[in-house]
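Proteins get letters first, then strands, A, B, ... in listed order; numbering begins at 1 in each.
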Number of protein chains: 2
Amino acid sequence: MPDSDGTTAPANEPTLDEQIAAYQREFADLDPQVEQIVSALGRLNRRMNVAYGRQTATLGISNAEWEVLKALVLAGQPYRMGPGDLAKQLGLTPAAMTHRIDRMVAEELVTRDRDEANRVRVIVGLTDTGRQKWLDAMELATDFEEDLLQDLSTKERGILGELLTRLLVRVES
Amino acid sequence: MPDSDGTTAPANEPTLDEQIAAYQREFADLDPQVEQIVSALGRLNRRMNVAYGRQTATLGISNAEWEVLKALVLAGQPYRMGPGDLAKQLGLTPAAMTHRIDRMVAEELVTRDRDEANRVRVIVGLTDTGRQKWLDAMELATDFEEDLLQDLSTKERGILGELLTRLLVRVES
DNA sequence: GCTGAAGACTTCAAAGCTAAACTTAGGAGC
DNA sequence: GCTCCTAAGTTTAGCTTTGAAGTCTTCAGC
């Protein structure tokens with residue numbers, strides 16, 4: 001017997017359109033066009049992170065660990081970075097980085113060594129296992145991403161990329 | 001004396017272009033157009049969350065609490081939902097929801113009552129304080145969002161919104 | 001109207017994060 | 001060549017989230 005009086009809301013998440021309509025009712029000054037973009041960005045990102053999480057889980061790592069592997073690969077050969085730089089790039093505190101590296105060293109995804117040239121510094125390096133995990137994750141991720149974008153033509157993808165990049169420039173400057 | 005040997009990477013985060021170039025070097029099968037979209041989405045979202053966090057902090061609440069207020073307002077009058085539905089919408093476990101509501105009740109942003117019609121259920125309701133906080137946060141957020149989009153014409157905003165919505169449809173179906 | 005099962009939270013223990021204090025190495029000024 | 005200062009990581013304590021177990025209501029079958 002579902003919900004005899006209407007007091008309890010349905011469990012279903014509102015659609016994007018419903019969400020924007022509700023915001024407009026509750027907040028008169030809202031620009032629906034802006035809200036559509038912002039809300040879609042937020043909702044898309046949440047779904048994507050869930051999808052990535054499912055994929056990395058099948059490889060036995062977490063999204064958090066994948067982020068570290070990404071940063072190290074991005075640094076290029078010889079795949080080394082300091083914990084501080086890693087923390088900055090991932091938006092973590094140095095303390096969190098220390099703990100995360102602890103775990104990843106235990107799982108042999110990365111190595112941690114003291115920099116002999118400057119013994120205050122530490123160097124985090126990618127292991128072969130770590131690099132392979134990144135490659136495997138990348139394989140899964142690109143499949144998913146191609147799937148996500150399958151309804152957009154090449155031209156539309158170009159436009160979308162260009163528009164997003166312009167937003168990013170504004171917010172990263 | 002900065003960095004006599006080149007072993008330590010610069011602290012600066014790579015730009016989007018550098019990031020894509022690096023991925024292409026390391027992963028041959030990469031479609032740079034897809035990667036541009038996906039990476040821009042991720043980076044945009046991170047920046048936006050940081051910005052929102054700064055704003056909600058000025059109001060004395062956290063982004064997490066703001067999410068709850070949003071969901072309740074979205075539900076419409078009389079601004080009530082069960083913890084389970086809230087948890088589903090925010091992508092949290094019921095346990096996390098219980099704790100989050102504890103805190104928000106203590107801060108008088110929401111109320112928690114047992115549903116007399118069905119005593120298994122609990123009803124979380126928005127207080128006037130909570131509703132006002134949401135309005136204040138919305139004011140700040142829309143300012144920021146208008147700022148974020150200022151370089152895009154109305155037409156471009158329409159195109160961006162439409163493309164993002166199409167992606168969302170695919171991933172939310 | 002009892003009994004068993006399902007549903008909706010809550011409680012508890014453990015993982016991961018943050019902020020702040022602490023440790024240690026390198027460099028500047030006297 | 002000491003002393004002070006700064007920079008890079010680590011440690012510690014406390015908070016938020018998760019997963020699993022527990023509690024309490026409701027409902028279905030007998």
### Query
Any chance CZ of R112(B) has more than 12 other-residue heavy atoms, nucleotides or ligands included, within less than 6.0 Å?
yes

### Query
Taking OP1 and OP2 of dC17(C), is either one under 4.0 Å from a side-chain nitrogen or oxygen of R100(A)?
yes

### Task
Remember a base hit wins even if backbone is also touched, and classify R114(A) as base, sugar-phosphate or nothing at under 4.0 Å, heavy atoms.
nothing

### Task
Show your working on side chain to side chain contact (heavy atoms under 4.5 Å, CB included) between D31(B) and L149(A) and close with a plain yes or no.
CA-CA 12 Å; D31(B) 180 336; L149(A) 292 177; over 6 Å; no

### Message
With a cut-off of less than 4.0 Å, is there a side-chain N or O of R121(B) near OP1 or OP2 of dC24(D)?
### Response
no

### Message
Any side-chain N or O of R119(A) below 4.0 angstrom from OP1/OP2 of dT24(C)?
### Response
no

### Task
Let me know the distance between CD of E107(A) and P of dA15(C), rounded to the nearest Å.
13 Å

### Query
Whole-Å distance between dG14(D) P and H99(B) NE2?
18 Å

## Note on the structure
Sorted by chain and number, sequence neighbours left out, side-chain hydrogen bond (donor to acceptor under 3.5 Å, both in side chains) with R157(B) holds for E146(B)

### Message
Base, sugar-phosphate or nothing for P83(A)? Non-hydrogen atoms, less than 4.0 Å.
### Response
sugar-phosphate

### Query
Could you state the CG-C1' distance from N118(A) to dT6(D), rounded to the nearest angstrom?
13 Å

### Query
Quick check: does any side chain N or O of E172(B) sit under 3.5 Å from a backbone N or O of V169(B), one acting as donor and the other as acceptor?
no

